[in-house]
Structure formats: C-alpha cells, structure tokens
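A quick note: this is a predicted structure, and the numbers were derived from the prediction, not measured. Each ligand, and each atom within it, is numbered from 1 in the order the structure gives. Residue numbers start at 1 and run along the sequence shown.
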Amino acid sequence: MHVVVNAAMSADGKLSSRRREQIEISGPTDFDRVDQLRADSDAVMVGVGTVLADDPSLTIDDPDRRAARTERGEPENPARVVADSRVRTPPDATVLDGRAQTYLLVSEAAPPDFIEEMEDAGAYVIAAGRDRVDLTTTLAKLEGEGIDRLMVEGGGELIFGLFEESLVDELFVYVGPKIIGGRDAPTLADGDGFVEDFPELELAGVERVDDGVVLHWTAEN
Ligand code: NAP
C-alpha cells in the first residue's frame with residue numbers, strides 16, 4: 001500500500017489552536033490540490049481526534065473529479081477510514097453519512113455494543129491491537145479490501161503513529177502565513193515523539209501556493 005500524508009500547518013508548525021478547533025490555514029488553490037489528492041486515492045484516513053474536532057466529510061468537492069472516478073469504474077468518492085481504538089466516533093458523524101464506504105479501525109478493547117452501533121450505521125469494522133489500533137495490521141487488511149493508495153489527512157497523533165510504524169511513503173505539507181502558537185496546540189507529528197531513529201525524509205518538491213508553500217517529501221522506509 002502506498003500511504004500519502006497531507007496536512008496544512010501554520011508557519012510555526014501547528015495544525016490548529018490549543019482549543020483544537022479547525023483553523024483556516026490554506027486558501028482555495030491549496031483546497032483544490034487536496035481535492036485532487038483525494039480524487040487520486042482509494043481511501044482517505046483520519047484519527048478519531050479529527051472526527052471529534054472537525055466532523056469532516058472527507059469526500060471530493062469537485063463534481064468533475066467525482067464523475068471522472070465513476071467513468072473509471074471507481075466509487076464516486078474514496079472510502080473513508082477512521083482510526084478509533086474504543087469507538088468514540090459519534091453515530092451521527094458526517095463520515096457515516098453513506099456518501100462513501102467507511103472503515104472503522106478499532107482495537108480489541110472496543111466495546112462490542114459500540115461496534116454493533118457503528119455497523120448498524122453502515123461502517124465496516126476492522127479490529128487489531130490490544131488497547132490501540134495496530135496500524136500495520138489494519139492497513140494490511142485494508143489493502144486486502146483493495147485499498148492500494150491511502151491518503152491520510154491527520155491529525156498529529158495519527159501522523160506520528162504512522163511514522164512510528166514506518167508506514168508513510170509521501171508527505172505533503174502546506175505551510176501557511178499564520179502563527180498559531182501554544183505548547184498544547186497539535187503539531188504535524190505529536191504522539192510521544194522520537195528520541196532516536198528519527199524518520200528521514202527526502203525533499204521531492206517545493207511550490208509556492210496562495211500565500212504559503214507546499215513542501216513535498218518522500219520517506220525512506
Ligand atoms: P487525530 O490524530 O485525528 O486522532 C488521534 C486519535 O486517533 C488518538 O487519540 C487515538 O484515539 C486514535 N488512534 C487510534 N489508533 C492510533 C494509533 N495507532 N496512533 C495514533 N492515534 C491512534 O487527533 P489529534 O492529533 O488530536 O488532531 C486533531 C486536531 O488536528 C484537531 O484540532 C484538528 O482540527 C486538527 N487537524 C488539522 C489538520 C490540518 O491539516 N491542519 C488536519 C487534521 C486535523 P483512541 O486512542 O481513542 O483510538
């Protein structure tokens with residue numbers, strides 16, 4: 001599976017404020033780039049923290065891109081994937097609105113009642129990992145479901161978890177012209193942080209977009 005991480009951060013490296021509310025960091029040109037990345041993916045993934053904070057749809061905005069997918073024999077929208085160890089996704093979350101197939105990755109600690117509720121809401125549940133989602137195993141299972149190209153839209157906890165398991169192949173970061181600050185504000189990669197064996201990246205491209213810049217990196221796994 002090819003895993004592409006995309007996120008927008010402020011000039012000081014924050015994904016949002018300490019209140020964990022969605023902040024507009026990029027502009028229309030970058031939204032369009034992200035829409036194309038979605039359209040080029042089999043699935044789009046976020047952590048449950050992002051579902052709870054932003055309630056994203058993760059669907060494609062541009063009707064022409066949806067039509068092009070349909071013409072290629074693909075679903076109109078890529079599948080949606082949420083890493084959610086204990087099922088904190090609310091049953092009325094937008095990712096469960098039926099506009100795309102939704103996979104919920106859970107751990108063995110997920111309460112069976114909650115799993116049933118998600119299945120009733122239309123989600124396909126994949127379980128691996130004792131207390132936390134085992135990303136290596138669940139992504140391999142997703143590949144078995146035909147998901148070869150996975151786009152990850154955040155947040156910082158999930159992105160760190162993917163780097164920790166050496167699962168990231170490409171990273172796109174839009175760096176926008178804002179300072180958000182705050183020691184508790186989410187950054188591109190949170191988690192426990194690395195103290196050694198830091199993942200190394202290779203710079204593949206730099207492009208000025210709107211009033212910021214898109215950095216494109218590839219990861220050595
Ligand atoms: P997140 O990364 O979306 O979700 C983190 C949660 O995912 C974890 O707390 C964990 O909850 C679950 N998870 C399950 N398995 C995991 C694993 N193996 N590794 C890591 N996480 C795992 O949440 P976040 O870091 O709090 O980020 C949310 C914030 O980022 C919001 O403020 C949102 O607005 C912002 N955001 C910004 C962008 C951007 O591009 N600027 C993009 C996305 C989000 P459980 O233990 O309960 O499973």
Do ligand 1 and [X] have nitrogen or oxygen atoms that lie under 3.5 Å from each other?
X: Asp190; value: no
X: Gly47; value: yes
X: Leu15; value: yes
X: Pro186; value: no
X: Leu158; value: yes
X: Thr50; value: yes
X: Gly156; value: yes
X: Val46; value: no
X: Ser85; value: yes
X: Glu21; value: no

State whether the number of non-hydrogen atoms from other residues, nucleotides or ligands found under 6.0 Å of [X] atom [atom1] is greater than 12.
X: Arg19; atom1: CZ; answer: no
X: Phe31; atom1: CZ; answer: yes
X: Asp192; atom1: CG; answer: no

Got the closest protein heavy atom to [atom], with its distance?
atom: atom 26 (O) of ligand 1; result: Arg20 NH1, 2.6 Å
atom: atom 31 (C) of ligand 1; result: Ala53 CB, 3.6 Å
atom: atom 12 (C) of ligand 1; result: Ala83 O, 3.5 Å
atom: atom 20 (C) of ligand 1; result: Glu157 O, 3.3 Å
atom: atom 10 (C) of ligand 1; result: Arg132 NH2, 3.3 Å
atom: atom 23 (O) of ligand 1; result: Gly49 CA, 3.4 Å
atom: atom 41 (N) of ligand 1; result: Ala8 O, 2.6 Å
atom: atom 15 (N) of ligand 1; result: Val133 CB, 3.4 Å

In terms of side-chain heavy atoms, does [X] have a donor or acceptor partner in [Y] at a distance below 3.5 Å?
X: Thr136; Y: Glu165; result: yes
X: His2; Y: Glu170; result: yes
X: Gln36; Y: Arg65; result: yes
X: Asp97; Y: Thr94; result: no

Practice prompt. Applying salt bridge (charged side-chain N to carboxylate O under 4.0 Å, His left out), name anything that partners Asp30, two or more places apart in sequence or on another chain.
Written response: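 Listed in chain order: Arg33.
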Worksheet item: How would you list, by chain and number, every residue that makes a salt bridge (charged side-chain N to carboxylate O under 4.0 Å, His left out) with Arg88, sequence neighbours excluded?
Response: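 So Arg88 forms no salt bridge (charged side-chain N to carboxylate O under 4.0 Å, His left out) with any residue.
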Worksheet item: Is any side-chain N of the basic residue among Glu76 and Arg66 closer than 4.0 Å to the acidic one's carboxylate O?
Response: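 Yes, this pair counts.
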Discussion item. Using heavy-atom distances only, which candidate in Gln22, Arg88, Met9 approaches atom 47 (O) of ligand 1 most closely?
Written reply: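 Going through Gln22, Arg88, Met9 one by one, Arg88 has the nearest heavy atom to atom 47 (O) of ligand 1.
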Discussion item. On a heavy-atom basis, I'd like to know which of Val51, Val48, Ile159, Asp54 is closest to atom 34 (O) of ligand 1.
Written reply: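 Looking at heavy atoms only, the winner is Asp54.
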Worksheet item: Relative to ligand 1, is Ser16 under 4.0 angstrom through side chain, backbone, both or neither, heavy atoms considered?
Response: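 Under 4.0 Å from ligand 1, Ser16 contributes side-chain atoms alone.
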Worksheet entry | Glu153 and ligand 1 - part of the residue with a heavy-atom distance under 4.0 Å |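 The part of Glu153 near ligand 1 is the backbone, not the side chain.
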Number the atoms of ligand 1 from 1 as they appear, then name those within less than 4.0 Å of a heavy atom of [X], with their elements.
X: Ala7; answer: 40 (O)
X: Gly154; answer: 3 (O), 43 (C)
X: Asp84; answer: 48 (O)

Decide yes or no for [X] and [Y]: does some side-chain heavy atom of the first lie under 4.5 Å from some side-chain heavy atom of the second?
X: Phe172; Y: Trp217; value: no
X: Met1; Y: Asp42; value: no
X: Val51; Y: Asp84; value: no

Worksheet item: Between atom CG of Leu15 and atom CD1 of Ile25, what is the distance when rounded to the nearest 0.5 Å?
Response: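 Here the interatomic distance stands at 6.5 Å.
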Worksheet item: Does the Arg80 side chain pair with the main chain of Gln101, one donor and one acceptor, at a distance under 3.5 Å?
Response: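 The answer is no, because no donor-acceptor pair under 3.5 Å joins these two groups.
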